*Asks:* 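One structure coming up, written as structure tokens, with questions to follow.
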Amino acid sequence: QVQLVESGGGLVQAGASLRLSCAASGLIFSRYTMGWFRQAPGKEREFVAGISRSGGRTSYADSVKGRFIISRDNARNLVDLQMHTLHSADTAVYYCAARFFDAITTTKGLYEYWGQGTQVTVSS
């Protein structure tokens, strides 16, 4: 079955950097648009970044644009989220998601597969 497993979360201080990874299995990875979402306590799950099947197109939420970078390695079935200049507002559980269609979307309901999430906590 399809599995998405996130790693790399942790507790960091404001201003620090962190790199999240998502390892995919059970699917033809290169046929899926990949996205990162996050959910803070008491808030809706929100789109953070997305990357097309080939990696040629990316999209970011305004709140992370210029600080986060999404990338993928189709040979290794990995999608990463490099996060810089972290703020306390970035504290959330971060989820990796996969969508069959080759179109990045911010709508979480259009992603078919989800990981279990990894906690990122930024202390101020």
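These numbers were taken from a predicted model, which means no experiment stands behind them.
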*Asks:* Taking the side chain as every heavy atom from C-beta outward, state whether Cys96 and Tyr113 have any pair of such atoms under 4.5 Å apart.
*Replies:*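 Answer no - side chains too far apart.
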*Asks:* Taking salt bridge (charged side-chain N to carboxylate O under 4.0 Å, His left out) as the cut-off, I'd like each qualifying pair that reaches into residues 109-124, sequence neighbours left out, listed once.
*Replies:*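 Passing the test, one end in residues 109-124: no pairs.
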*Asks:* Under a 4.0 Å threshold between the charged nitrogen and the carboxylate oxygen, would Lys108 count as salt-bridged to Glu44?
*Replies:*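 Result for this pair is yes, salt bridge flagged.
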*Asks:* Between the side chain of Arg76 and the main-chain N/O of Ala23, is any donor-acceptor distance below 3.5 Å?
*Replies:*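 Flag not set: sc Arg76 to bb Ala23 has no pair under 3.5 Å.
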*Asks:* Between Arg57 and Asp102, is there a side-chain N and carboxylate O pair less than 4.0 Å apart?
*Replies:*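 A salt bridge is present here (some side-chain N lies under 4.0 Å from a carboxylate O).
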*Asks:* Quick one: which of Leu20, Val48, Val122, Asp90 gives a side chain to side chain contact (heavy atoms under 4.5 Å, CB included) with Met83?
*Replies:*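 Of the listed residues Leu20, Val48, Val122, Asp90, the side chain to side chain contact (heavy atoms under 4.5 Å, CB included) partner of Met83 is Leu20.
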*Asks:* For Glu6 and Trp36: C-alpha separation, side-chain torsions, deciding distance, then whether side-chain contact (heavy atoms from CB on, under 4.5 Å) applies.
*Replies:* CA-CA 10 Å; Glu6 302 94 339; Trp36 283 96; 3.8 Å; yes
*Asks:* Could you tell me whether the side chains of Ser71 and Asp80 share a donor-acceptor contact shorter than 3.5 Å?
*Replies:*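 Asp80 and Ser71 do not have a side-chain donor-acceptor pair below 3.5 Å.
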*Asks:* Quick check on Leu11: does its CG atom have over 12 non-hydrogen neighbours (other residues, nucleotides or ligands) under 6.0 Å away?
*Replies:*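 Yes, enclosed.
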*Asks:* Group every Ile, Leu, Val, Met, Phe, Trp and Tyr by side-chain heavy-atom contacts under 4.5 Å, then state whether Phe37 and Val93 land in the same group.
*Replies:*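 Cluster IDs for Phe37 and Val93 match.
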*Asks:* Answer yes or no: is there a side-chain heavy-atom contact under 4.5 Å between Ser7 and Val5?
*Replies:*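 They are not in contact (no side-chain heavy atoms under 4.5 Å apart), so the answer is no.
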*Asks:* Is there a side-chain contact between Val12 and Thr121 in this structure, where contact means two heavy atoms from C-beta onward sitting under 4.5 Å apart?
*Replies:*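 Contact flag for Val12/Thr121 side chains = no.
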*Asks:* Working to the nearest 0.5 angstrom, can you tell me the gap between Gln119 CD and Thr91 OG1?
*Replies:*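 Result: 7.5 Å between the selected atoms.
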*Asks:* Any luck finding a side-chain donor-acceptor pair between Arg99 and Tyr111 under 3.5 Å?
*Replies:*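 No, Tyr111 and Arg99 have no side-chain donor paired with an acceptor closer than 3.5 Å.
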*Asks:* What class does the angle between the rings of Tyr94 and Phe68 fall in, given that below 30° is parallel, 30 to 60° is tilted and above 60° is perpendicular?
*Replies:*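 The arrangement is tilted - the two ring planes meet at 30° to 60°.
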*Asks:* Counting heavy atoms not belonging to Lys65, are there more than 12 under 6.0 Å from its NZ?
*Replies:*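 Enclosed.
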